[in-house]
Amino acid sequence: MKSNTDKKTLARLQSKEAVLLFIFIGVFVLMSVLSPTTFLTWRNLQSMAFQLPELGIFAIAMMVVIVSGGMNLSITYTAALSSIIGGLVLSKMTAAGIGPGPTILAGIATFFVVGLACGALNGVIVADIGIAPMLATLGTSTLFEGICLNITKGGAISGFPDAFLWFGNATILGVPFPMIVFVVVVAAAYFLMERSPFGFKIYMIGCNPTVTSYSGVNVKKNLHRVYLFSALLCAIAGILMSSRYNSAKESYGSSYMMQSISAAVLGGTDISGGYGRIFGTVLAVMIIQVISSGLNILGVNRFIINVIMGGILILVLTINFISSGRKANAK
Amino acid sequence: MKVAQRLKQSRELGILLILVVVSIVITLVAPAFFSIENLFDILKSNVVLAIMAIGMLPVILTGGIDVSVSSMVAAVTIIVGKFLMNVSGNIFLAFLVGCLSGTIMGLINGLLVAKLKIPPIVATLGTMSIILGVSLYYTNGNWITGLPKNFIDFGRITIGSFYRQGEEMIGFPIQLLFLILVAVLTWFILRHTLVGRGIYAVGGNRVSAERVGYNVDRITIFLYAYEGFIVGLAGVVHTSIMRQVDPNAFNGFEMQVISAVVLGGASSLGGYGSVSGTLVGVALFSVINNGLILMHIPTFWQKIVVGIVLIASIGFDVTQKRYRESHNTKVDIEEA
Amino acid sequence: MQFCHAVFLAHFVYLNVLLCAFTVPENRVTLPLQIKNLIIDTQERTPMNPNAFLQISHVSKTFPGVKALQDISLEINRGEIHALIGENGAGKSTLIKILSGVYQPDPGAEISIDGKRCSQITPLLALKKGIVVIYQDFSLFPNESVAENIAITTDIEKGTKFLSWKKIRSTAKAALDRLGVELDLDAPLGTLSVAKQQLVAIARALTFDAKLLIMDEPTSALSKSEVELLFRIMRTLRESGISILFISHKLDEVMAISDRFSILRDGKYLGTFGGDELDNDILISLMVGRKIEYTIYQKHNRANAGKVLELKDFNKAGNFKNISFHLNKGEILGITGLVGAGRTEILKAIYGINHQDTGQLFLDGRKITITSAEDAVRHGIAYMPENRLSEGLVLRKTMADNITVTVVDRLKTKSKLIDRTKQKELVDKWIHELNIKPPYPDMSASKLSGGNQQRVVLAKWLAVNPKVLLVDEPTNGIDIGAKAEIHKLLRDLAESGISIILVSSELSEILAIADRILVMRRGKIAGEFDGATATQEEIMNKAILGVKQPVTA
């Protein structure tokens with residue numbers, strides 16, 4: 001019995017999340033040692049805590065879809081479209097002299113409605129029509145971008161009520177509000193994906209949709225839901241972004257698309273579906289954030305930081321490949 | 001009879017038909033569309049897209065994808081720009097350097113996909129991030145201007161100037177030659193070499209391809225390297241058109257390239273597609289873009305149209321395939 | 001043409017000599033234990049039958065837990081059509097895989113090709129010796145032309161860098177000419193019917209200089225006229241000296257075309273017979289006439305228990321026709337028939353994943369409509385698919401996950417999350433109840449043995465507490481001991497009130513546990529038998545012979 005427990009502990013230590021946790025601690029300590037006066041300050045920690053939630057939420061939006069055996073290349077444009085239409089409501093209502101209370105309420109509702117509509121469209125195309133998710137969402141991302149541009153004519157939507165800026169910029173007891181949102185999102189995603197029947201089905205679908213469907217699970221319905229959930233997260237990220245920028249534009253956050261795939265994969269999500277843990281993705285986002293902030297503080301060129309991010313992605317996959325090959329050989 | 005049947009099944013012809021219809025509609029609304037100036041303008045502004053789409057075609061044929069093309073072509077323009085400024089103004093050497101650097105980058109993609117079994121989209125995302133980072137670091141995002149005069153003159157060469165527009169003679173831009181070269185070369189490889197047939201075979205059925213003896217890894221490496229080579233060429237051609245280098249000129253360009261190839265009928269399921277189809281796809285893409293401008297419809301509509309056409313064309317394919325599969329005869333029913 | 005042929009043959013002989021020269025020393029190096037055998041054999045190499053192209057003896061194959069083949073001996077003559085027959089699981093496909101080099105036989109096997117001993121066959125060697133297998137999926141490329149599909153392999157073999165389409169077309173044309181068929185060389189393969197695609201696969205085999213063509217169920221997807229065309233071509237090939245070994249379930253066709261038959265039963269060789277030596281009756285009794293090794297369970301007439309499920313006039317084009325039957329409460333209804341008779345299709349139709357064109361379904365006397373697996377499960381109908389590896393289990397997931405998947409919605413806590421305690425209890429209960437070994441819920445399903453995998457599939461369905469259990473070939477590919485245990489499980493379930501439809505091609509299995517038996521033939525119900533009194537011979541007769549209107553009980 002005792003040896004069994006030991007084995008379990010050992011297995012836990014060797015799990016991908018444990019490795020990621022050690023990497024995170026290592027990177028964090030390294031940055032703190034290299035730059036104790038700047039990195040390890042309240043100010044820097046707070047600034048990281050403002051930046052991290054957007055990537056973090058996008059990464060989870062990407063990860064849940066990848067787990068279902070899909071891919072969502074439209075996350076940033078889903079966020080942009082909901083920001084732009086939501087922003088339009090905010091600015092028009094403000095201009096019409098309606099008070100901030102109803103304006104923000106209506107605005108935020110619009111964010112969610114538009115986001116969910118985008119997700120519904122993705123779900124229909126992937127689940128009902130049956131187009132490969134990568135191409136389907138490539139198509140919808142182009143579509144969403146086009147609609148964004150059509151509304152903004154290439155410009156930005158601004159003129160939000162001041163109170164709206166609170167979402168992206170406020171702190172509560174020194175903790176940035178976006179961070180609080182992120183923690184809630186992580187908790188919700190964890191319970192939904194790893195503890196609820198819905199999440200269980202999504203993991204099974206990601207592994208083998210045929211068997212799961214033959215087991216009486218409505219695969220289409222659950223795929224619809226996962227794309228809706230992903231889109232909902234995008235809308236939340238959109239709210240934080242447009243509040244932080246005090247405007248909405250189609251190009252905001254477009255660099256998050258690639259980074260969120262990196263974060264998901266780095267966090268141990270199997271790109272072909274079926275595996276991946278929320279905690280792993282969160283750790284990967286934290287690692288990415290610490291590395292990029294830390295290198296930034298150290299005066300490393302921001303472009304070189306991109307290079308390092310790409311290098312990490314390929315390195316992780318190479319290590320995965322080599323270790324899986326070794327396991328196969330050991331058999 | 002057989003020919004007619006074959007044509008009816010040809011996707012290329014279908015897309016060509018759409019192209020013709022779209023062109024007629026645009027011409028009716030905006031007669032300026034069907035002028036030689038405008039057509040040449042479309043040609044020159046889309047020749048790089050066309051070259052790169054042809055490079056992407058073999059990748060899509062095998063069911064792969066390459067999102068690093070935009071960063072690769074940007075890197076090539078920078079390398080070639082710096083080479084022309086600092087090393088030699090020799091045009092031939094510039095092409096050599098461009099194609100070589102493109103091939104090396106493509107080779108790396110190929111090795112990552114074939115040897116390390118990294119899914120194409122992830123592998124090329126990684127290389128994209130690296131290449132883009134290095135390029136921007138090296139140039140700091142600054143433009144390279146003041147390229148040697150002989151290179152600029154080279155880019156202005158036109159062939160067969162036959163049409164007078166005010167003071168200027170209009171002819172085929174020299175860049176068109178490279179497009180023709182790439183199209184013919186790719187067509188030849190795909191049609192007349194074993195590796196080309198292997199590309200179709202891998203896309204059609206990877207397991208069968210292995211069973212009949214194709215070396216799938218080698219084919220994969222080849223096609224990514226070849227794509228890199230073409231992207232290298234496209235980089236030099238682009239530089240010769242723009243006469244300067246903007247490291248950010250290609251942001252988001254990979255989506256256009258992929259869309260054009262898929263619009264051109266290359267199957268997302270792999271194993272179907274042709275150079276001619278891709279060219280028609282690029283033409284459709286460019287004509288829609290140009291027509292929207294001429295019809296005074298905001299260009300932003302272009303993305304909406306492309307997105308819808310993309311989804312509709314793939315959706316049609318997929319639905320048809322599923323219909324056929326569900327209506328297969330499984331049992332030979334005895335008729336009593 | 002004739003000349004060309006001669007050159008082909010001369011070339012081939014040369015190649016063979018060369019190859020044997022290469023293979024012998026190689027064997028010496030890699031398999032020192034067999035040297036002795038080899039030398040003895042070379043000394044007394046005179047083949048017993050000079051006309052034999054392929055001779056095998058003492059071929060056995062053991063998989064963990066299963067003896068797939070035991071001491072098989074077989075001769076295939078030059079230019080003969082040789083049928084290999086036997087029930088599912090008799091070892092036919094294992095034998096094919098040994099002949100084509102995919103599997104290696106157990107030590108002690110003797111195989112000679114063209115009179116020469118080959119102590120080891122690799123896929124490459126088999127191909128170079130002219131043994132070509134046409135698998136059921138053909139391994140062709142649907143988007144490419146007929147010509148390319150036929151001829152490209154010669155270029156791959158030679159490593160030609162630049163192709164000549166003229167040559168490809170002429171090679172393809174020559175191969176098709178040898179078959180005596182005409183196909184549009186430029187048509188994309190995918191536009192051809194299955195029968196024509198098969199001709200393309202055969203033509204491709206000819207470009208390999210095939211001496212022995214092995215065909216796995218070549219007629220399974222063909223119509224009657226297409227079968228006749230295929231037979232004509234098989235005879236043409238025979239005339240040109242090519243041997244054909246083919247597997248079939250359709251005994252009437254086997255008798256129509258083959259020169260000789262060999263019969264396998266339970267991995268054992270029963271003998272080879274001349275085409276005119278056998279008639280249906282003898283063949284059937286040979287194939288099925290084994291001592292049934294399964295426990296025969298007590299059968300019940302459940303007609304009074306009431307109908308649980310009833311199908312009225314189910315039709316689906318290309319699947320089944322005029323299907324009406326009912327299932328009584330607590331009974332095991334066996335459905336048997338040859339492969340391709342439409343048994344699986346009808347099961348899938350009931351389960352909602354192969355929806356019928358017309359037909360009504362009644363559950364407990366109420367008319368219901370099922371258009372998806374979800375509907376079926378909601379109505380208490382469960383389905384154990386034939387292919388547990390691709391349809392029954394998520395192999396990469398754990399045993400616990402696989403058992404949970406059907407009932408996860410019933411394991412919710414108040415907060416709508418999965419109740420892990422309940423889940424653990426459920427999984428432990430079924431592992432214990434079905435005696436799944438090893439009893440580790442966290443073990444990946446891929447690591448279990450076939451019998452235990454099947455128990456996991458059963459567990460996930462029993463967990464939903466179904467009214468009706470549809471079971472498709474539940475003991476396919478699992479060893480005898482495990483089969484008997486599955487039989488007992490199914491029988492116990494029926495006793496506990498679950499109604500079961502069991503599809504199986506193994507007659508002894510049906511006879512061991514089914515209360516009532518339906519026989520299907522070519523998409524229709526051919527007969528009904530009482531499980532207590534039916535015999536293998538009469539069932540087999542129905543499966544092969546006449547189609548009558550279903551007996552209404």
Side-chain angles (χ1 to χ4, degrees), chain A residues 71 73-74 77 121 125 128-132 134-154 250-251 254-255 257-259 261-262 264-265 271-272 300-322 324-325, chain B residues 60 63 65 67-68 71 108 112 115-123 125-141 247 251-252 254-256 258-259 262 268-269 297-319 321-322:
Chain A
M71 174 67 71
L73 299 183
S74 73
Y77 287 117
L121 182 64
I125 295 173
D128 296 312
I129 304 182
I131 297 181
M134 201 168 67
L135 286 162
T137 53
L138 181 72
T140 53
S141 80
T142 315
L143 183 68
F144 299 158
E145 188 191 359
I147 299 173
C148 287
L149 286 168
N150 240 339
I151 296 169
T152 63
K153 311 294 175 205
E250 96 291 343
S251 61
S254 53
S255 66
M257 213 272 285
M258 303 296 171
Q259 285 188 36
I261 298 181
S262 297
V265 172
I271 194 81
S272 54
V300 175
N301 184 296
R302 68 193 169 100
F303 300 127
I304 290 300
I305 296 174
N306 275 348
V307 175
I308 294 173
M309 294 299 158
I312 290 174
L313 177 64
I314 288 181
L315 191 73
V316 167
L317 286 165
T318 309
I319 292 170
N320 279 358
F321 172 76
I322 294 170
S324 71
Chain B
I60 304 263
I65 199 163
V67 294
S68 72
S71 62
I108 293 170
L112 290 175
K115 291 294 174 195
L116 296 181
K117 309 286 176 219
I118 300 178
I121 184 149
V122 183
L125 266 177
T127 51
M128 174 194 191
S129 179
I130 294 174
I131 296 169
L132 200 64
V134 172
S135 313
L136 291 176
Y137 172 71
Y138 184 60
T139 57
N140 210 6
N251 288 355
E254 71 277 358
M255 294 292 180
Q256 289 188 42
I258 295 166
S259 306
V262 176
S268 56
L269 307 163
I297 295 171
T299 47
F300 315 124
W301 275 99
Q302 185 228 0
K303 296 224 172 219
I304 299 181
V305 172
V306 167
I308 291 172
V309 174
L310 196 70
I311 293 167
S313 65
I314 304 172
F316 181 71
D317 254 21
V318 174
T319 318
K321 191 178 173 209
R322 199 171 34 203

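Keep in mind the model is a prediction, meaning the values are calculated, not measured.
For chain B, the nearby parts of A:T140 are the backbone and the side chain; heavy atoms of each come within less than 4.5 Å. Looking at B:L132, neither its backbone nor its side chain comes within 4.5 Å of chain A, counting heavy atoms on both sides. Heavy atoms of B:S135 lying under 4.5 Å from chain A are absent altogether. Proximity to chain A (any heavy atom under 4.5 Å) is shown, for B:L136, by both the backbone and the side chain. The contact between B:L112 and chain A is made entirely by side chain atoms (from C-beta outward), counting heavy-atom distances below 4.5 Å. A:L313 touches chain B through its side chain: at least one heavy atom from C-beta onward sits under 4.5 Å away, while N, CA, C and O do not. Proximity to chain B involves both the backbone and the side chain of A:I129, based on heavy atoms less than 4.5 angstrom apart.
Within the model, atoms CG of A:N306 and CE of B:M128 stand 9.5 Å from one another, a figure rounded to the nearest 0.5 Å. For the atom pair CD1 of B:I258 and CE of A:M134, the computed distance is 7.5 Å after rounding to the nearest 0.5 Å. With rounding to the nearest 0.5 angstrom, the OH atom of B:Y138 is 12.5 Å from the CD1 atom of A:I304. Once rounded to the nearest 0.5 Å, the distance linking CG of B:L116 with CD1 of A:I322 reads 7.0 Å. Atoms CD1 and OG, from A:I261 and B:S129 in turn, are 11.5 Å apart once rounded to the nearest 0.5 Å. Atom-to-atom distance recorded for B:I118:CD1 and A:I271:CD1 is 11.0 Å, nearest 0.5 angstrom.
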Next on the checklist: Checking B:I121 against A:L73 for the side chain to side chain contact (heavy atoms under 4.5 Å, CB included) test, could you report, in this order, the C-alpha distance in whole Å, the side-chain angles of both residues, the deciding distance, and whether it holds?
Outcome noted: CA-CA 11 Å; B:I121 184 149; A:L73 299 183; 4.2 Å; yes
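The candidate with the highest count of non-hydrogen atom pairs below 4.5 Å against chain B, out of A:M309, A:K153, A:Q259, is A:K153. Counting heavy-atom pairs closer than 4.5 Å to chain B, the top residue among A:N150, A:I125, A:T142, A:I308 is A:N150.
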